Every structure is written in C-alpha cells, then in structure tokens.
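The structure appears below as structure tokens.
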Amino acid sequence: MIPRARHLVAAALSSALLMLPAFTGIASAERDSRVFAVTLAKTSADVKRVADYWTPDQLKKADSYSPATPGAAATPAPSATPAASAPAVQATSPVTRAIAAQSVAPALPRKRSAATTMGKVFFRFGDKEYWCSASAIAAKNRSVVATAGHCAYDPRQTKAAEYWIFVPNPGPNGETPDGIYVGSSISMHEDWSGKGDYDFDYAFVTVHRGFKWVSKNGGYVMQDVGRLQDNVGGQGIELNKKPGTYSVVAFGYPAGAQPDGSTPFNGKKLEMCGAGPTRWTSAVSIDLQKGVQLLSCDFSPGASGGPWLIGYNGDRGLGSLNGVNSLTWNRDAKDWYDAVSSPYFDTTTGEVYRRAAALTTPSKVT
C-alpha cells in the first residue's frame, strides 16, 4: 500500500508465494532465442494426474483459494519513456522478428456466434492453491492461453506452477461449462524466468484438449470436449502499439482487498475496466522500465493475467490482445486502487506467443 502520493506502489506479492517450497512436479525447460519454455504436463499420465487433482469437489472450493498477487514495493516515477531505458531486445534473425511482429486476427468458436474466451487459471505452489485471470488466444494449434507470468512461474523460486489448468467461464460453484484445459507448456521471456523483470510479466500457455467430468457409477470420468479455441474462440493480438494512441478495455476476476481493506469484488464475476487512456509507466525497484498503465481502473488482486483488448466488440466477444493485467496501482495514495498496468507487448512478445502457438498436443484426452 502507498502511504504518500509520491510513492506509487504495486500490489505486494504475498509472503506465502515468495517463501514456497521447491516445486517437485514434472517441469523441464528449454531455451530458444529469448523465449524460456517449461514443460508442465507432457504425457497422458501427466494430464490424468493433474485432472485427478481438480475434481468437481476440489473446484467447488475455489473461492477459498488465494488470488495470486504480483509485485513488491516500488517507488516508480509517475511516468517513463522507455526508449531511453528499456533493455535491448534481440531476436534470432530479421525474418523471425518480421514474422513475430505480425498481428493475429481474433477467431470465433466453431459452433457459436460469439466468443467466450475469458476465465480463470488454477494452480498450486507448494501445498497452496492459487488462481488468476486469463483468456484464450487465437493460434494455429487452437490451444493457447494468455495470462500474467506470475500466474504460471515463480522466478524467485525458479519454479513453474504445479497442477496448472484453465477454466473458461467458470461458474460460481466450481462449474466448468466449457471444459477444463490442462497446461502442457509455458512459454515466457527469459527475463521473467531469470530475473522476475516486470517488463516481461506475461506467459502464453499451450494447453491440452479439454475435458469435462461426467458422473458414472458413483464417481466421475473424463469426457473429451476438444480444442480450446474450437469451443470458446480466441482473441487476436496487436503488438508495438504506442501508449496514448489507442483505447483499451481490461478484463479480470478481481477479488483481493482495496488499500482501505474493503473487498468490493468477490472474484466470481468477470469485471471490465475501460475504455480508458494508456501511458508509459516505470517502477525501478522491480525493474519495470516499459510498463503501460491503464488509468481509472480499480482492479484488485485476482485480476492478474486478465486480457487488455483493443477494438473489443461486445456482441462478438472479441478484440485484439495488447497486454495483460500485471500490477495494480494506488497513484494518488488514497484508499482505492486507481490504475492497473501491463508489460508492453512488442515484437519479442510475438516471439513468445509464436512458440506457444507452434506446439502440438495429443489429439484426444484419454
């Protein structure tokens, strides 16, 4: 929280998340350019193990889980121009950069006239469950979820989240109307995984085919429901959009307390902020040099990872992803959050996305 107006403080990462025991799951890592990739659930047995953890009874307890909370105390300037201070970004080749910079068109689901891409990710660090907001993104593998980096990987422990799943449009009592999608692989920037640099607090998670739990013989069995994008659609992507030149709407499931201790959001309802102005922002203590801030947004913890969309069409449920909720701000040092920020989505972000979009997963959940 921020005691004085000159101190703009991002929402503090909970001590539980910082002091988690080592992850002992099934993660392995690989490097490609500046993309850092971590395998989550690779085999059918891995998927089944994750699924068996998230039983209907377990999901009914979702309201008792903690919304993952990003950041650490920061003393940033009111605004910043990243051209002078942002780290150099390198790619494997000019061809890779050119391809990565291309925008991606949004996609409708196969059997609906409107997309329903937004939802929650549930995961575990150590022995504690957490959740964040997220959205499905259009991709050639029809299986990509965008969220915040801190909703998938803890750089202080250098560990990936365990038992990671995405539930689009979750019901208030653990319902999963559009299925459950087990994370297959996290794609992120190496400066998030290596340094916890909030310029890169985003992750694109490739997911397996979805399933639903179906009652059978007094228990539950997994029923395949197909690819994520086929079922809910996918948001497009727009990169290299200069703040102040566009209007954006942000979405998420906020639930955490405001600076005054009040809790106006319960995390059960999808909330929206926008369409508001954007500007550059920075926070030296967390190495944020080229953040983008959306003003007049009172999101609290739980909204982390929710999408920022340009050109959002409410009738179709589609727009173009231009950021994700990363940090909440109390700019005026009063009793309420008044802004949220995202990393700047640039060409390098496109490289990370392309890696996630190129991965394949098994053709059927077994």
Side-chain angles (χ1 to χ4, degrees), residues 32-37 80-83 85-107 117 134-141 144-149 186-192 197-206 229 233-251 274-282 288-294 305-313 318-327 340-359:
D32 177 17
S33 181
R34 300 197 70 178
V35 180
F36 186 83
T81 302
S85 58
V89 173
Q90 299 178 350
T92 53
S93 69
V95 173
T96 300
R97 291 178 63 87
I99 294 173
Q102 294 176 354
S103 61
V104 176
T117 66
S135 58
I137 307 302
K140 63 182 182 181
N141 62 10
V144 173
V145 174
T147 190
I186 308 168
S187 297
M188 67 196 109
H189 193 279
E190 66 177 9
D191 284 352
W192 175 255
D197 184 340
Y198 276 83
D199 286 326
F200 305 101
D201 182 21
Y202 53 78
F204 294 94
V205 181
T206 307
Q229 184 175 316
Q235 301 297 335
I237 295 182
E238 284 285 343
L239 306 172
N240 300 306
K241 300 285 288 186
K242 183 179 178 181
T245 64
Y246 61 89
S247 182
V248 66
V249 289
F251 294 87
T278 57
R279 67 180 189 183
W280 295 116
T281 192
S282 65
L288 179 68
Q289 301 177 71
K290 53 175 184 176
V292 181
Q293 196 172 74
L294 172 63
W308 288 25
L309 300 177
I310 296 175
Y312 179 69
N313 182 314
L318 290 174
S320 293
L321 187 76
N322 185 237
V324 294
N325 299 318
S326 172
L327 299 167
V340 66
S341 69
S342 166
Y344 179 53
F345 272 30
D346 58 10
T347 302
T348 302
T349 313
E351 292 180 25
V352 178
Y353 157 80
R354 287 183 63 245
R355 194 272 176 187
L359 296 177

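Since this is a predicted model, take the numbers as computed values, not measurements. The basis for the numbers below is simple: all heavy atoms, side chains too, and nothing from hydrogens, waters or symmetry mates.
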Quick one: side-chain hydrogen bond (donor to acceptor under 3.5 Å, both in side chains) partners of Thr117, sequence neighbours excluded? Gln235
Nearest non-hydrogen partners of Ala146 and Ile137, listed with the distance: CB-CG1, 3.5 Å
Can you tell if the side chain of [X] reaches within under 4.5 Å of the side chain of [Y], non-hydrogen atoms only?
X	Y	answer
Lys290	Asp346	yes
Leu327	Leu288	yes
Thr347	Leu239	no
Leu294	Thr278	yes

Results of side chain to side chain contact (heavy atoms under 4.5 Å, CB included) for [X] - residues two or more places apart only:
X	value
Ala356	Val144, Ser187, Phe204, Thr206
Ser342	Trp308, Phe345
Val249	Phe251, Met272, Ala275, Leu309, Tyr312
Ala134	Val121, Val145, Thr147, Phe166

Can any side-chain N or O of Gln229 pair as donor or acceptor with the backbone N or O of Ala139 at less than 3.5 Å? yes
Whether Asn313 side chain and Leu318 backbone form a donor-acceptor pair below 3.5 Å: no
Evaluate the criterion side chain to side chain contact (heavy atoms under 4.5 Å, CB included) for residue pair Trp192 and Asp199; output intermediate values, then yes/no. CA-CA 8 Å; Trp192 175 255; Asp199 286 326; over 6 Å; no
From CA spacing to verdict: side chain to side chain contact (heavy atoms under 4.5 Å, CB included), Tyr198, Phe200: CA-CA 5 Å; Tyr198 276 83; Phe200 305 101; over 6 Å; no
